[in-house]
Structure formats: structure tokens, C-alpha cells
Amino acid sequence: GAVVSQHPSWVICKSGTSVKIECRSLDFQATTMFWYRQFPKQSLMLMATSNEGSKATYEQGVEKDKFLINHASLTLSTLTVTSAHPEDSSFYICSASSRGSNYGYTFGSGTRLTVV
Amino acid sequence: GQQLNQSPQSMFIQEGEDVSMNCTSSSIFNTWLWYKQDPGEGPVLLIALYKAGELTSNGRLTAQFGITRKDSFLNISASIPSDVGIYFCAGLQGGSEKLVFGKGTKLTVNP
């Protein structure tokens, strides 16, 4: 089945530093990757949509200069949280889709970011 | 942004009981997906529905795509402790690749 690998699973960083999160589709080519943020006891909030080789499309209210997304290949997308602040602490989850046979959206295992 | 109306918000049941949860919307959806999320993990796809009226099973789980295309339900039969988690419905509307999520149903199963 479709597998999406997300790393790291957790990270602690100091305020002002940048953190990169990777999302890889292991056994399929992802035409589109999505990045979500999830606060405790809440649903997933879409941050941005990225297609391979093109600029990401950010949702309203999401700062594109703060959350840099790179989708360099059909199997890899990265989210970089720049100049992190404590309020950026959250659970970040990626998802990948391919307009293939199952047309399902497969999620990564998430990254718990804590900014101290 | 848009969100699906998912209910109930939480459920506390005894092991062996059946469970039912549903999602509704004022808009039509072309695809309904049901996910389960364990603490500290990403959502895992349980069932995908692509056609109005479709009824699909996955083990003890059964889900249906409402005939009006505005709702879906998920049933879990003979619940077991490992069914504990948060269940999310998600939908896709025509022409959009962005999933719309429900707020989730937190399921607690007492042994």
C-alpha cells in the first residue's frame, strides 16, 4: 500500500533557529503533497499545497516566508519553519496524493515541534 | 475554512458494543474518507468511498456514502480496546484536491 515517511518524528529547537521537516512517498509518486498543522484536541488545519516543481499554494493566514515548502521531486517535499518561535510549537503532518488507482490521501506519521 | 459536521464529538463505550458516527455537510462531496488517528501519529485511512450510495466494509468497520452526497457514516462493530482513538471524516468536492475535515470523534472503549 501507499506509504508516506515523515522525519523527524519530533524535534526541539531554540527560538530563532530553523527546522526542516521531510516528507517522502516511499512506494508511489505523489503528484501533490499537503502540509497540515494540528493543535491539541483539534482537527487538521491545511497550511499549504505543493505540486512537484512549482511553488506551493498557501492557505489564507499562513506566512509563506515563515513556512518554506520545497517540492523538489515526485517523492519528496520539505517544510522549513524559519526563525521559529514558541507559538510555532505544534504537530505538523504531511500528506501525499496521487491520482492513481485508489485516489486516497496518505498521511505521514507527523512531527512534534517544540520551540524553547 | 470549511469543515464537515461530525458527531458525536466523543463516545465512551464498553468493549463489544457497536459504534456509529457520522458526518454531514450542506455541500455535495464526491469522495468521503474515514481516518483513525492515534496519539502522536498521523491519520491512517480506514475506508474510502467514491460513489453515492456506496457501502464499504473493512473488517469490523462499515462506511456508507450518503445518497444525497452530503453525508457519510462509519460503523464499528464489536468494539475492542485497540479501537480507541480519534476518528475523522474527510471529503473532497468536485474540482478540488483539498480535503475538508470533520472535527473528529474521540472514541474510548472500556474493557
Side-chain angles (χ1 to χ4, degrees), chain A residues 1-11 21 23-25 30-51 54 56-62 90-114, chain B residues 1-11 21 23 25 29-51 54 56 58-59 61 63 65 72 84-108:
Chain A
V3 178
V4 173
S5 174
Q6 185 173 342
H7 292 282
S9 56
W10 61 270
V11 58
I21 303 170
C23 181
R24 294 179 184 271
S25 56
T31 50
T32 308
M33 287 191 172
F34 305 85
W35 287 95
Y36 296 85
R37 185 172 180 176
Q38 187 177 33
F39 292 104
K41 299 184 180 181
Q42 293 190 23
S43 189
L44 285 74
M45 182 186 77
L46 181 64
M47 298 173 67
T49 303
S50 74
N51 293 290
S54 62
T57 302
Y58 291 81
E59 294 299 300
Q60 192 172 11
V62 178
S90 190
F91 193 55
Y92 293 87
I93 313 173
C94 69
S95 170
S97 75
S98 176
R99 291 184 179 266
S101 58
N102 71 357
Y103 199 54
Y105 286 60
T106 304
F107 285 83
S109 55
T111 298
R112 170 71 60 192
L113 170 63
T114 302
Chain B
Q2 185 180 9
Q3 202 159 37
L4 298 171
N5 301 312
Q6 185 172 351
S7 64
Q9 186 175 358
S10 62
M11 300 183 75
M21 59 192 78
C23 271
S25 171
F29 283 79
N30 292 339
T31 299
W32 287 91
L33 305 170
W34 284 92
Y35 290 90
K36 178 175 184 269
Q37 185 177 28
D38 291 327
E41 298 287 334
V44 174
L45 182 65
L46 300 173
I47 293 180
L49 303 160
Y50 304 111
K51 192 175 175 182
E54 181 181 354
T56 298
N58 178 7
L61 278 62
F65 190 144
S72 176
V84 165
I86 301 178
Y87 292 79
F88 288 100
C89 63
L92 274 175
Q93 293 181 294
S96 174
E97 57 182 355
K98 300 178 186 179
L99 286 178
V100 178
F101 279 90
K103 290 189 174 183
T105 296
K106 184 177 180 180
L107 178 63
T108 302

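All heavy atoms count here, side chains included; hydrogens, waters and symmetry mates do not. These numbers come from a predicted model, not from an experiment. Letters go in sequence order (proteins before strands), and every chain restarts at 1.
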Output the distance between atom CG (B:Leu99) and atom OG (A:Ser95), rounded to the nearest 0.5 Å. 6.5 Å
Using non-hydrogen atoms only, which part of A:Gln6 is less than 4.5 Å away from chain B: side chain, backbone, both, or neither? neither
Name the member of A:Thr111, A:Leu44, A:Leu46 that forms the most heavy-atom pairs with chain B at distances under 4.5 Å. A:Leu44
Go through the atoms of A:Gln38 and report whether side chain, backbone, both or neither lie under 4.5 Å from a heavy atom of chain B. side chain
Name the region of B:Gln6, side chain, backbone, both or neither, that has any atom closer than 4.5 Å to a heavy atom of chain A. neither
Nearest heavy-atom approach of A:Gln42 to B:Phe88 is O-CZ, 4.1 Å
Donor-acceptor contact below 3.5 Å, side chain A:Tyr105 vs main chain B:Lys98: no
Might you point out which heavy atoms bring B:Phe101 and A:Ser43 nearest each other, and give the distance in Å? CB-OG, 3.4 Å
So what's closer than 4.5 Å to chain B heavy atoms on A:Ser109: side chain, backbone, both or neither? both
Among the listed options A:Glu59, A:Met45, A:Gln60, the residue most often paired with chain B at heavy-atom distances under 4.5 Å: A:Glu59
At what distance, to the nearest 0.5 angstrom, does NZ of A:Lys41 lie from CD of B:Gln9? 10.0 Å
Heavy-atom closest pair, residues A:Ile93 and B:Gly42: CG2-CA, 4.4 Å
